[in-house]
Protein chains: 2
Amino acid sequence: MAGKNLVGPEADALDLGAVFRALADEHRRSVIARLAADHSDSERGCNSFDLPISKQTQTHHFRVLREAGLVHEIDYGNRKGIRLRRADIERRFPGLLALLGAESPGGAAPR
Amino acid sequence: MAGKNLVGPEADALDLGAVFRALADEHRRSVIARLAADHSDSERGCNSFDLPISKQTQTHHFRVLREAGLVHEIDYGNRKGIRLRRADIERRFPGLLALLGAESPGGAAPR
DNA sequence: TTTCGGGTACGATTCAAGTCGTACCTGGAG
DNA sequence: CTCCAGGTACGACTTGAATCGTACCCGAAA
């Protein structure tokens with residue numbers, strides 16, 4: 001019941017190329033944007049994003065996000081949760097998450 | 001001698017996905033990082049970056065950067081120059097250029 | 001235990017992107 | 001004029017990424 005924490009790279013090892021590659025995809029960017037918009041940073045179910053793609057493809061995208069160091073994945077066996085690594089991201093790439101609000105409704109779009 | 005200015009998208013039409021896709025490539029990111037590090041924003045020759053790739057491939061990369069709206073290209077016929085669209089980028093995606101300094105020497109790497 | 005929903009593993013497919021070879025264009029130098 | 005260096009156009013190749021089908025795993029609930 002505890003849930004195994006699937007680990008990604010250390011905060012210091014975050015690679016800007018991998019991050020940009022991860023955020024280049026529309027689906028992954030939408031996930032991170034919604035996580036960034038929720039300032040409570042609570043854990044969220046992986047199937048709560050209503051992505052218009054099959055579950056196999058979702059598995060692939062969440063893996064990419066984890067390997068890029070953007071999210072933590074918590075495996076409960078029959079379901080999974082993710083949590084935004086906001087502190088790590090802000091430390092290495094300050095301001096990056098704020099950029100995602102520029103195209104997502106509900107985010108802090110500057111005007 | 002005047003040089004035709006090859007135009008990219010308008011400042012308001014900059015797409016975050018296209019920008020991330022453009023910056024996902026190491027060569028293109030290195031070009032933008034060096035342009036961003038030079039705060040004088042002067043025009044720069046396209047062959048002044050010593051990219052370890054053929055000139056045909058360089059043509060491809062500079063085109064991607066222009067179509068993403070990150071640089072202006074100035075065509076002189078037998079040579080070409082590029083200029084960073086710093087103001088436009090800062091207006092749409094404030095702080096983005098600063099992130100590139102996190103991995104390039106000469107930039108403002110935080111420590 | 002069986003059932004069921006969420007998730008993964010592996011493979012196949014499709015498509016986009018990075019790369020370069022060949023040929024050609026352009027403007028300046030000699 | 002010719003030559004030359006920088007740049008482009010077009011095509012081909014190769015790799016990687018996104019997607020899904022099939023089969024299987026896991027934990028909770030009936």
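Numbers restart at 1 for each chain; the letters A, B, ... are given by sequence-line order, proteins then strands.
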Undergrad: Mind grabbing the angle between the end helix axes of the helix from C/dT1-D/dA30 to C/dG30-D/dC1? Five pairs an end, 10° rounding.
TA: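 That helix gives 10° between its end axes.
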Undergrad: Report the residues that fulfil salt bridge (Lys or Arg N to Asp or Glu O under 4.0 Å) with B/Glu43, sequence neighbours left out, ordered by chain and then residue number.
TA: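 Checked B/Glu43 against salt bridge (Lys or Arg N to Asp or Glu O under 4.0 Å); matches are B/Arg83.
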Undergrad: Side-chain contact, heavy-atom cut-off 4.5 Å: A/Gln58 with A/Ile53?
TA: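 The answer is yes, as the side chains (C-beta and beyond) meet within the 4.5 Å cut-off.
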Undergrad: Any heavy-atom pair between the side chains of A/Leu35 and A/Phe49 that's under 4.5 Å?
TA: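 Answer yes - side chains close enough.
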Undergrad: Under 4.0 Å from any atom of DNA chain D, heavy atoms only: list the residues of residues 47-54 of chain A that qualify, in numerical order.
TA: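 Per residue number, the list reads A/Ile53, A/Ser54.
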Undergrad: Measure from CG on A/Asp75 to P on D/dC25 and round the result to the nearest Å.
TA: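 Answer to the nearest Å: 15 Å.
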Undergrad: Return all side-chain donor-acceptor pairs below 3.5 angstrom for residues 19-27 of chain A, not counting sequence neighbours, or 'none' if the list is empty.
TA:
| unit_1 | atom_1 | unit_2 | atom_2 | d |
| --- | --- | --- | --- | --- |
| A/Arg21 | NH1 | B/Ala24 | O | 3.4 |
| A/Asp25 | OD2 | A/His27 | N | 2.9 |
| A/Asp25 | OD2 | A/Arg28 | N | 3.2 |

Undergrad: Where along residues 55-70 of chain B does a heavy atom come under 4.0 Å from DNA chain D, residue by residue in number order?
TA: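 Close to the strand are B/Lys55, B/Gln56, B/Thr59, B/Arg63.
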Undergrad: Using a 4.5 Å cut-off on heavy atoms from C-beta on, say whether the side chain of B/Leu14 contacts that of B/Leu70.
TA: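 In short, these two side chains do not touch, never coming nearer than 4.5 Å.
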Undergrad: For B/Ser54, enumerate each residue passing the side-chain contact (heavy atoms from CB on, under 4.5 Å) test, keeping only those at least two apart in sequence or located in another chain.
TA: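 Only B/Gln56, B/Thr57 meet the side-chain contact (heavy atoms from CB on, under 4.5 Å) criterion with B/Ser54.
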Undergrad: Under 4.0 Å between a side-chain N or O of A/Lys80 and OP1 or OP2 of D/dC26?
TA: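 No, A/Lys80 has no side-chain N/O under 4.0 Å of OP1/OP2 on D/dC26.
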Undergrad: Between atom CD in A/Glu73 and atom P in C/dG6, what is the gap in whole Å?
TA: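 From A/Glu73 CD to C/dG6 P: 17 Å.
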Undergrad: What residues form a salt bridge (Lys or Arg N to Asp or Glu O under 4.0 Å) with B/Arg44, not counting sequence neighbours?
TA: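 If we apply the salt bridge (Lys or Arg N to Asp or Glu O under 4.0 Å) test to B/Arg44, skipping adjacent residues, there are no hits.
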Undergrad: Residues two or more places apart in sequence or in another chain: which of them pass salt bridge (Lys or Arg N to Asp or Glu O under 4.0 Å) with B/Arg86?
TA: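 Once residues adjacent in sequence are excluded, the partners of B/Arg86 under the salt bridge (Lys or Arg N to Asp or Glu O under 4.0 Å) criterion are B/Asp41.
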Undergrad: Expressed as a whole number of angstroms, how long is the span from A/Leu6:CG to C/dG7:C1'?
TA: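 Distance check: A/Leu6 CG to C/dG7 C1' gives 11 Å.
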Undergrad: For A/Ser30, which residues count as a side chain to side chain donor-acceptor pair (under 3.5 Å) partner, sequence neighbours excluded?
TA: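 A/Ser30 satisfies side chain to side chain donor-acceptor pair (under 3.5 Å) with A/Arg34 only.
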Undergrad: Where the side chain of B/Arg79 is concerned, which of D/dG7, D/dA5, D/dC26 is the nearest nucleotide?
TA: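 Selected nucleotide (nearest to the side chain): D/dG7.
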Undergrad: Would you call B/Ile82 and B/Leu65 a side-chain contact if the rule is heavy atoms closer than 4.5 Å?
TA: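 SC-SC contact between B/Ile82 and B/Leu65 ruled out.
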Undergrad: Strictly below 4.0 Å, N to O, side chains only: are A/Asp12 and A/Arg91 in salt-bridge contact?
TA: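 A salt bridge links A/Asp12 with A/Arg91.
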Undergrad: Once salt bridge (Lys or Arg N to Asp or Glu O under 4.0 Å) is applied, what residue pairs with a partner in residues 64-77 of chain B remain, sequence neighbours excluded?
TA: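 Found B/Arg66-B/Glu73, B/Glu73-B/Lys80.
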Undergrad: Could you state the NE2-C1' distance from A/His27 to D/dA17, rounded to the nearest angstrom?
TA: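 Whole-Å distance recorded here is 13 Å.
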Undergrad: Could I get the full list of salt bridge (Lys or Arg N to Asp or Glu O under 4.0 Å) partners for A/Asp50, not counting sequence neighbours?
TA: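 Listed in chain order: nothing, the list is empty.
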Undergrad: Please report, rounded to the nearest Å, how far the P atom of D/dC3 is from the CG atom of B/Asn78.
TA: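 It works out to 18 Å between those atoms.
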Undergrad: Of the residues in residues 13-26 of chain A, which ones touch DNA chain D at a heavy-atom distance under 4.0 Å?
TA: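 Only A/Asp25 qualify.
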